[in-house]
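First the proteins, then the strands, lettered A, B, ... as listed; each starts at 1.
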Amino acid sequence: NAGVTQTPKFQVLKTGQSMTLQCAQDMNHNSMYWYRQDPGMGLRLIYYSASEGTTDKGEVPNGYNVSRLNKREFSLRLESAAPSQTSVYFCASSEGAGVVATQYFGPGTRLLVL
Amino acid sequence: AQSVTQPDIHITVSEGASLELRCNYSYGATPYLFWYVQSPGQGLQLLLKYFSGDTLVQGIKGFEAEFKRSQSSFNLRKPSVHWSDAAEYFCAVGEGGSYIPTFGRGTSLIVHP
């Protein structure tokens with residue numbers, strides 16, 4: 001039982017390049033989330049998926065797109081990377097929806113945009 | 001909308017000493033309150049949560065937190081810190097209508113041997 005896995009662990013991009021961050025969970029959870037973590041700012045929600053087939057914007061969605069490929073997988077795409085997107089990205093999942101649901105986090109992807 | 005403040009950016013304690021990390025929130029009704037821990041290079045892990053009932057909440061790894069409505073606080077405590085407790089700690093607050101909690105900026109705990 002691996003929990004929540006994320007690939008890649010590290011990535012360096014040049015401004016304007018695109019990439020997809022992958023996330024998978026093996027806990028049969030319904031809800032999945034993408035966050036970014038910047039120094040001194042805590043976690044901010046980019047997008048979430050309450051259930052397979054649905055996605056919704058979070059606090060900071062601009063410059064990102066997501067795909068809930070199936071119940072296990074939730075990917076985050078940067079179409080044209082910008083230096084402001086340098087951050088650590090975390091994927092999370094929860095069995096239920098709403099603020100009371102316990103979220104389980106992956107180890108993160110560290111992204112540097114030059 | 002709710003907000004959460006962690007006034008201390010860094011806290012340094014000696015191994016074996018007691019620990020208290022502060023968290024204050026702004027919300028009118030009774031909020032949902034959480035503490036998460038992030039070890040170096042890892043994702044966040046839930047330590048404990050408060051929704052209702054007994055205001056003293058026990059969590060994993062020997063941590064506890066107390067909800068004080070009069071002070072709008074939810075401070076995290078541990079009686080004796082171990083070197084492995086060195087990590088980043090995040091307080092989070094949510095309300096019934098929100099989808100996820102709002103996270104504080106985090107407090108970095110440094111443990112001296």
Side-chain angles (χ1 to χ4, degrees), chain A residues 2-10 21 23-25 27 29-51 54-61 74 87-110, chain B residues 1-11 21-27 29-53 57 59-60 74 76 87-108:
Chain A
V4 180
T5 57
Q6 293 183 236
T7 55
K9 286 185 169 52
F10 303 96
L21 282 65
C23 173
Q25 52 91 8
M27 296 174 282
H29 284 171
N30 290 308
S31 300
M32 298 185 73
Y33 315 81
W34 275 107
Y35 292 89
R36 60 178 290 173
Q37 182 183 38
D38 301 296
M41 296 191 70
L43 290 178
R44 292 183 292 169
L45 183 67
I46 305 171
Y47 272 93
Y48 66 95
S49 172
S51 61
T54 68
T55 60
D56 287 285
K57 295 178 180 179
E59 181 184 354
V60 288
F74 189 38
S87 189
V88 181
Y89 291 85
F90 288 100
C91 178
S93 70
S94 63
E95 183 174 4
V99 69
V100 300
T102 296
Q103 294 187 34
Y104 296 82
F105 286 81
T109 294
R110 284 149 183 81
Chain B
Q2 71 271 19
S3 65
V4 57
T5 302
Q6 293 181 249
D8 303 305
I9 297 174
H10 303 283
I11 292 279
L21 300 182
R22 297 184 292 164
C23 174
N24 294 98
Y25 65 89
S26 172
Y27 181 58
T30 299
Y32 299 111
L33 296 161
F34 309 81
W35 274 101
Y36 283 84
V37 60
Q38 183 182 27
S39 298
Q42 302 297 315
L44 278 70
Q45 180 184 21
L46 182 67
L47 280 176
L48 48 79
K49 59 188 176 184
Y50 173 80
F51 293 165
S52 64
V57 181
I60 62 171
F74 188 56
L76 182 71
E88 190 88 13
Y89 291 81
F90 292 92
C91 182
V93 60
E95 57 183 312
S98 61
Y99 197 78
I100 64 158
T102 299
F103 288 84
R105 296 184 174 191
T107 297
S108 178

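Only the side chain of Arg110(A) comes within contact range of chain B, with at least one heavy atom under 4.5 Å from a heavy atom of that chain. For Ala92(A), no part lies near chain B; criterion is any non-hydrogen pair under 4.5 Å.
Within the 4.5 Å cutoff, the side chain of Phe105(A) has no heavy atoms near those of the Gln38(B) side chain. Two residues are said to be in side-chain contact when any heavy atoms from C-beta on lie closer than 4.5 Å; Phe90(B) and Gln37(A) meet this criterion. Looking only at side-chain heavy atoms (C-beta outward), Tyr35(A) and Leu44(B) stay at 4.5 Å or farther from each other.
More than 12 heavy-atom neighbours from other residues, nucleotides or ligands sit within 6.0 angstrom of CD1 on Ile60(B). In Tyr104(A), the OH atom is not crowded: 12 or fewer heavy atoms of neighbouring residues, nucleotides or ligands sit closer than 6.0 Å.
The minimum heavy-atom distance linking Ile100(B) with Leu45(A) is given by the pair CD1-CB, 3.5 Å. Shortest non-hydrogen contact noted between Tyr32(B) and Val99(A) is CD1-CG1, 3.4 Å.
In this view, Tyr33(A) and Ser94(A) satisfy the side chain to side chain donor-acceptor pair (under 3.5 Å) rule, not counting sequence neighbours.
Among Val88(A), Asp38(A), Thr102(A), Val100(A), the residue making the largest number of heavy-atom pairs under 4.5 Å with chain B is Val100(A).
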